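Bear in mind that the values here come from a model prediction, so they are computed numbers and not experimental data. In what follows, residues are counted from 1 in the order of the sequence shown.
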Amino acid sequence: MEIIEYLKQTGWGEMLITFFVAMVPVIELRGAIPLGVGIGLHPWTAMIVSICGNMVPAPFIILFIRRVFFWLRRKSPKLENLISRLEHRADEKKDLVRRYKLLGLIILVAVPLPGTGVWTGALVAALMDLRMKLALPAIFIGVVIAGFLVTGLTFGVTGLAFGLAAAF
């Protein structure tokens with residue numbers, strides 16, 4: 001906790017905390033935006049920083065997750081159950097992407113509910129062998145949509161309108 005207090009005292013601390021929290025699986029920007037606003041960031045800043053942080057893992061997941069799963073299975077058979085569950089969850093989401101193509105991937109990432117988001121979207125993209133140049137823009141669009149939704153829920157739709165008006 002001392003490191004968090006120290007970071008909050010620096011000029012960039014709140015942004016760094018928000019950025020790194022957005023990278024964490026399950027929490028992602030759904031948790032990072034409310035956290036960022038809660039520790040003092042302007043809602044628009046919290047949203048932008050969270051979007052940036054949330055996107056960091058995506059290319060690494062798409063490129064390396066299959067190799068990581070293979071390596072983990074070889075090194076520790078005890079992890080087989082966990083890896084199989086992750087792959088099964090991604091398989092369940094594949095139907096949405098198969099049915100609606102890249103729009104399905106955007107929707108999968110954009111819906112701010114448990115079991116969706118960048119980590120799941122990138123895992124699905126990797127398991128479906130989607131090319132990075134197709135998957136990353138779709139994931140990014142989904143993250144931006146999720147960012148607006150979560151910011152709207154966190155700060156309130158009217159607060160966002162006033163914040164946008166004040167920005168111009």
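- No continuous path of hydrophobic side-chain contacts links Ile17 to Ile48 [ILVMFWY only; heavy atoms under 4.5 Å].
- Trp119 places no side-chain N or O within donor-acceptor distance of the main-chain N or O of Ile61, the cut-off being under 3.5 Å.
- In this structure, the side chain of Thr45 does not engage the main chain of Leu41 through any donor-acceptor pair within 3.5 Å.
- The line from CG of Leu130 to CD1 of Ile62 is 8.0 Å long, rounded to the nearest 0.5 Å.
- The shortest non-hydrogen separation linking Met132 to Pro59 is CE-O, 3.7 Å.
- Considering only residues two or more places apart in sequence or on other chains, Lys94 meets the salt bridge (Lys or Arg N to Asp or Glu O under 4.0 Å) condition with Asp91.
- Across all their heavy atoms, Pro43 and Val37 have their closest contact at CA-CG2, 3.8 Å.
- Applying side chain to side chain contact (heavy atoms under 4.5 Å, CB included) to Ile139 and the options Val124, Leu102, Leu105 leaves one that passes, Leu105.
- Residue Arg66 comes nearest to Leu127 through the heavy atom pair NH2-O, 3.0 Å, listed as atom of the first residue, atom of the second, then distance.
- Put simply, the side chain of Thr116 gets close to the backbone of Val111: a donor and an acceptor are under 3.5 Å apart.
- Residues meeting the salt bridge (Lys or Arg N to Asp or Glu O under 4.0 Å) test with Glu92, sequence neighbours left out: none.
- Remark: Arg89 engages no residue in a salt bridge (Lys or Arg N to Asp or Glu O under 4.0 Å) (not counting sequence neighbours).
- No donor-acceptor pair under 3.5 Å is formed between the side chain of Thr151 and the backbone N or O of Phe148.
- The shortest non-hydrogen separation linking Leu29 to Gly147 is CD1-CA, 3.3 Å.
- Linking Ile, Leu, Val, Met, Phe, Trp and Tyr whenever their side-chain heavy atoms come within less than 4.5 Å leaves Leu63 and Phe70 in two separate clusters.
- Here the side chain of Thr18 pairs a donor or acceptor atom with the backbone of Glu14 at under 3.5 angstrom.
- The hydrophobic side chain of Val26 is isolated, with no ILVMFWY side chain under 4.5 Å apart from it.
- Phe69 CZ to Glu80 CD: the interatomic distance, rounded to the nearest 0.5 Å, is 10.5 Å.
- Within the hydrophobic cluster formed by Ile, Leu, Val, Met, Phe, Trp and Tyr side chains joined at under 4.5 Å, directly or through other members, Ile106 is accompanied by Ile141, Ile145, Leu149.
- Within the structure, salt bridge (charged side-chain N to carboxylate O under 4.0 Å, His left out) contacts touching residues 21-46 (residues at least two apart or in different chains) are Glu28-Arg30.
- Rounded to the nearest 0.5 Å, atoms CH2 (Trp71) and CG (Leu79) are 9.0 Å apart.
- Side-chain contact between Cys52 and Phe19: present, with at least one pair of heavy atoms (C-beta onward) separated by less than 4.5 Å.
- Hydrophobic clustering, with ILVMFWY side chains joined whenever heavy atoms are under 4.5 angstrom apart, groups Val144 together with Val109.
- A side-chain donor-acceptor contact under 3.5 Å links Asn54 to the backbone of Ala22.
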